[in-house]
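Remarks on the structure that follows.
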There are 2 protein chains.
Amino acid sequence: MKIVSSKSEQTNAEMAALKAARDEFVSQWGALGSQWGINRTMAQIHALLMTVDQPMTTDDLMEQLEISRGNAHSNVKELIAWGLVRTVVIRGERKEYFEAEKDVWEIARTVARERKRREIEPALGVLRECVEKSREWDSAEAKAFHKQMRQLEEFVSFASKVADQVSSMKHGFAVQLAAKLLG
Amino acid sequence: MKIVSSKSEQTNAEMAALKAARDEFVSQWGALGSQWGINRTMAQIHALLMTVDQPMTTDDLMEQLEISRGNAHSNVKELIAWGLVRTVVIRGERKEYFEAEKDVWEIARTVARERKRREIEPALGVLRECVEKSREWDSAEAKAFHKQMRQLEEFVSFASKVADQVSSMKHGFAVQLAAKLLG
DNA sequence: CACGATTTTCATTTTATTCTGAAAATTAAA
DNA sequence: TTTAATTTTCAGAATAAAATGAAAATCGTG
């Protein structure tokens, strides 16, 4: 009967625990992703790539997440389109490898930029159109509509500017902002 | 042949234009909602109630949006659960009437509070668990995992605090914040 | 060029979400 | 209490979104 575990047993146990923790994180992050407008697989791939120390291939993703090639492929491409994942060339290797941006402030900046482009700007478009159209209307109901559109437009403009601020943040400035906002 | 429109014709034309603009807003807002994690009908009901000057019944919603009773009902209830819509009692009326919060800063505060509760807090839970579990691990890969979880945890904590700030914002303070952030 | 490796596409299937509509439950007036 | 109005529920239908897997396209090397 062993009194002390050998070094390799410790390591094996730790590796297993790491794998388990990572799986848990990947799975939970995937579930949370759905709550945002993000599909589960995309969130899972992102979670996996963020917590792994080496770039991975499509085949690695397929194996680890038990998903098809097509699914892995299209979601990786989507993550690349977001700017959250990039391809990496490994010398002597023919396959493409992928790695995620790991710096959280950089991730935040990227997400701010993309969500502004994909969500805030279209919303602003709609609101501005409505504000214009209703500018000259006379009835009380129409005036109320105009006012509401103006208020929403003002607010979404504000959000847009915040997104700009965040996406232009230097890493150091983030800390400052945090202090300013919360101190 | 008429040279000048009568007052009532002007009004009719304006009413029609208002209806068209509102429909456009409702439809676009619904489409945008999907991009967030919000279902189309819920976003449409919210858009409609925000831009209307009188509270509406379930039947009004059914008619205006051409949706079933069940659909109208469950999405109104969901909006009430979010705190974005409230019921209104109209004297002498048996039906329930609904109205939306119209103040955009109030809406922002509500959304900040709810999204914190529904999205940020569960995420924090997962991250903290991962940070704890991986605290004592030794291998390089495990240390990298721990570090990444710590960074994410720190960031999401920050987001949580921002959400608190926003949701405790007085209306007047919002303007100040805006100035501070953007000035 | 030709061949094997790899990536990309996409028609089909599967799964998840949303919606309907009618029945059941509740409510309040008679 | 009875009745009619109104709200709520929920099984099933419809729709939308995501995933599969195999074929086609592309790539890079000998």
(message) Whether A/Arg113 and A/Asp164 form a salt bridge (side-chain N of Lys/Arg under 4.0 Å from carboxylate O of Asp/Glu) is what I want to check.
(response) no

(request) Calculate the interatomic distance between A/Asn75 atom CG and C/dT9 atom C1'; express it in whole Å. (result) 15 Å

(message) Rounded to whole Å, how long is the line connecting atom CE of B/Met42 with atom P of C/dC19?
(response) 12 Å

(request) Report the distance from atom NZ of A/Lys95 to atom C1' of C/dT7, rounded to the nearest whole Å. (result) 12 Å

(message) Considering every strand and a 4.0 Å limit on heavy-atom distances, what is the contact class for B/Thr41: base, sugar-phosphate, or nothing?
(response) sugar-phosphate

(message) I need the A/Leu18 CG to A/Thr51 OG1 distance, nearest 0.5 Å.
(response) 8.0 Å

(message) Taking any heavy-atom pair under 4.0 Å as a contact, classify A/Asn71: base, sugar-phosphate, or nothing.
(response) base

(message) Can you give me the closest heavy-atom contact between B/Asp138 and B/Lys143, atom names plus distance?
(response) O-CE, 3.2 Å

(message) Looking at B/Lys95, is its backbone amide N or carbonyl O close enough to the side chain of B/Glu93 to form a donor-acceptor pair, meaning the two atoms are under 3.5 Å apart?
(response) no

(message) Rounded to whole Å, please give me the gap between CD1 in B/Ile45 and P in C/dC19.
(response) 9 Å

(request) Examine A/Arg115 relative to B/Trp36 and say whether NZ or CZ is less than 6.0 Å from the centre of the six-membered ring and inside a 45° cone about the ring axis. (result) yes

(message) Does A/Glu63, at its CD atom, have more than 12 non-hydrogen atoms belonging to other residues, nucleotides or ligands within less than 6.0 Å?
(response) no

(request) Take atom CD1 of A/Ile67 and atom P of C/dT14, then tell me their distance rounded to the nearest Å. (result) 18 Å

(request) Let me know the distance between NE2 of B/His73 and C1' of C/dA25, rounded to the nearest Å. (result) 12 Å

(message) Both conditions, 6.0 Å and 45 degrees, for the charged tip of A/Arg118 above the ring of A/Trp82: are they met here?
(response) yes

(request) Nearest-nucleotide wise, let me know which of A/Arg94 and A/Gly70 is further upstream toward the 5' end of DNA chain D. (result) A/Gly70

(request) Using whole Å, report how far CD of B/Glu96 lies from P of C/dT26. (result) 15 Å

(request) Name the residue closer to the 5' end of DNA chain C, choosing between B/Arg40 and A/Arg40 according to the nucleotide with the nearest heavy atom. (result) A/Arg40

(message) What is the separation between atom NZ on A/Lys77 and atom C1' on C/dT7, rounded to the nearest whole Å?
(response) 7 Å

(message) Reading DNA chain D from 5' to 3', where do the contacts with chain A start and stop? Cut-off is 4.0 Å to heavy atoms.
(response) D/dA18 to D/dG28

